[in-house]
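For reference, positions follow the sequence shown, starting with 1.
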Amino acid sequence: QVQLVESGGGLVQAVGSLRLSCAASGMIFRINAMRWYRQAPGKQRELVAIILSGSNTNYADSVKGRFTISRDNAKNTVYLQMNSLKPEDTAVYYCNADILGYSSSRYSGYWGQGTQVTVSS
């Protein structure tokens, strides 16, 4: 069984920084793309950043230049460094990964439980 566990959320003042982590565990053979999504109250879940297995990255326009996604393949972990935070970044942040398990023949998508990020003005 595969699990994704996020950590690092919390309350921060505007222009502050936070670093989110998401560790995958279980019978993992390989991880392809890893992503961070967020969902603010009353809004749809949106893709914030993605990092491929070759470390290519892409970001939502709203976070470009402020957020950085990275990964440690040895630890099966993805990070999201968030700088210059704004109140509109307040949301529950979820990690998502495409994972090939040892007992699987194809990649499946897994989600973490989410971590709350609150930015005060």
Side-chain angles (χ1 to χ4, degrees):
Q1 192 168 350
V2 174
Q3 277 190 317
L4 298 182
V5 178
E6 297 116 334
S7 61
L11 174 64
V12 63
Q13 288 189 327
V15 308
S17 298
L18 279 176
R19 189 192 195 208
L20 305 183
S21 300
C22 173
S25 62
M27 300 298 288
I28 297 171
F29 181 70
R30 187 174 295 154
I31 302 178
N32 194 1
M34 304 185 83
R35 307 170 186 86
W36 286 99
Y37 286 79
R38 67 185 180 187
Q39 187 166 19
K43 294 189 176 181
Q44 287 189 330
R45 190 172 297 189
E46 63 171 346
L47 178 63
V48 175
I50 180 172
I51 183 166
L52 303 181
S53 57
S55 295
N56 287 340
T57 60
N58 204 358
Y59 299 90
D61 287 343
S62 58
V63 307
K64 278 181 182 176
R66 299 189 298 121
F67 290 10
T68 301
I69 188 171
S70 60
R71 63 193 286 171
D72 184 333
N73 291 328
K75 295 181 179 180
N76 288 335
T77 299
V78 62
Y79 305 97
L80 187 67
Q81 178 67 43
M82 304 184 294
N83 299 329
S84 302
L85 282 161
K86 305 175 181 179
E88 50 263 44
D89 294 318
T90 295
V92 178
Y93 284 70
Y94 299 89
C95 68
N96 166 267
D98 299 334
I99 297 175
L100 180 64
Y102 277 104
S103 60
S104 300
S105 58
R106 59 183 180 87
Y107 286 88
S108 295
Y110 293 88
W111 291 88
Q113 80 286 356
T115 185
Q116 177 71 46
V117 172
T118 303
V119 184
S120 62
S121 56

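- Side-chain atoms of S104 never come within 3.5 Å of backbone atoms of Y102 as a donor-acceptor pair (strictly under, hydrogens ignored).
- By the 4.5 Å heavy-atom criterion applied to side chains, N96 and Y37 are counted as neighbours.
- Here I50 is tied into one hydrophobic group with L52, each link being a pair of ILVMFWY side chains closer than 4.5 Å.
- A search for side-chain contact (heavy atoms from CB on, under 4.5 Å) contacts involving S84 returns R66, not counting sequence neighbours.
- Evaluated for a side chain to side chain contact (heavy atoms under 4.5 Å, CB included) with V78, the options I51, D72, N73 yield exactly one hit, I51.
- Between Q39 and E46, the closest side-chain pair of non-hydrogen atoms is not below 4.5 Å.
- Taking the salt bridge (charged side-chain N to carboxylate O under 4.0 Å, His left out) definition, one finds that R35 meets it with D98, sequence neighbours left out.
- Using modelled atom types and a 3.5 Å distance limit, the side chains of R30 and N32 yield no donor-acceptor pair.
- Hydrophobic clustering (side-chain heavy atoms under 4.5 Å, transitive across Ile, Leu, Val, Met, Phe, Trp, Tyr) groups L100 together with M27.
- Every residue was checked against the ring pair (Phe, Tyr, Trp, His ring centres under 6.0 Å) condition with Y110, not counting sequence neighbours, and none meets it.
- For V119, the side-chain contact (heavy atoms from CB on, under 4.5 Å) partners at least two apart in sequence or on another chain are V12, A14, L85, P87, D89, T90, V117.
- Using a 4.5 Å cut-off between side-chain heavy atoms of Ile, Leu, Val, Met, Phe, Trp and Tyr, with links allowed through other members, L20 and Y79 fall into different hydrophobic clusters.
- Screening residues 76-106 for disulfide (SG to SG under 2.5 Å) gives C22-C95 as the qualifying pairs, with residues at least two apart or on separate chains.
- For the ring pair (Phe, Tyr, Trp, His ring centres under 6.0 Å) test, no residue two or more places apart in sequence or in another chain qualifies with Y107.
- For the pair Q3 (side chain) and G26 (backbone), a donor-acceptor distance under 3.5 Å is absent.
- Between I28 and I31 there is a side-chain heavy-atom pair separated by less than 4.5 Å.
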Set out, in order, the CA-CA distance, both residues' side-chain angles and the distance that settles side chain to side chain contact (heavy atoms under 4.5 Å, CB included) for Q113 and E6, then state yes or no. CA-CA 7 Å; Q113 80 286 356; E6 297 116 334; 2.9 Å; yes
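- Residues forming a side-chain contact (heavy atoms from CB on, under 4.5 Å) with A91 (at least two apart in sequence, or on another chain): R38, A40, Y93.
- In this structure, the side-chain contact (heavy atoms from CB on, under 4.5 Å) partners of V92, at least two apart in sequence or on a different chain, are Y94, Q116.
- Taking CZ of F67 as the start and CG of L18 as the end, the distance is 9.0 Å to the nearest 0.5 Å.
- With sequence neighbours left out, E88 forms a salt bridge (charged side-chain N to carboxylate O under 4.0 Å, His left out) with no residue at all.
- Qualifying salt bridge (charged side-chain N to carboxylate O under 4.0 Å, His left out) partners for K43, counting only residues two or more places apart in sequence or in other chains: none.
- V48 has its side chain out of reach of Y59: every pair of non-hydrogen atoms, C-beta onward, lies at least 4.5 Å apart.
- Residues in residues 9-28 take part in these side chain to side chain donor-acceptor pair (under 3.5 Å) pairs, two or more places apart or across chains: S17-N83.
- With rounding to the nearest 0.5 angstrom, the CZ atom of R71 is 6.5 Å from the OG atom of S55.
- Here the side chains of W111 and L4 are not in contact, with every heavy-atom distance at 4.5 Å or above.
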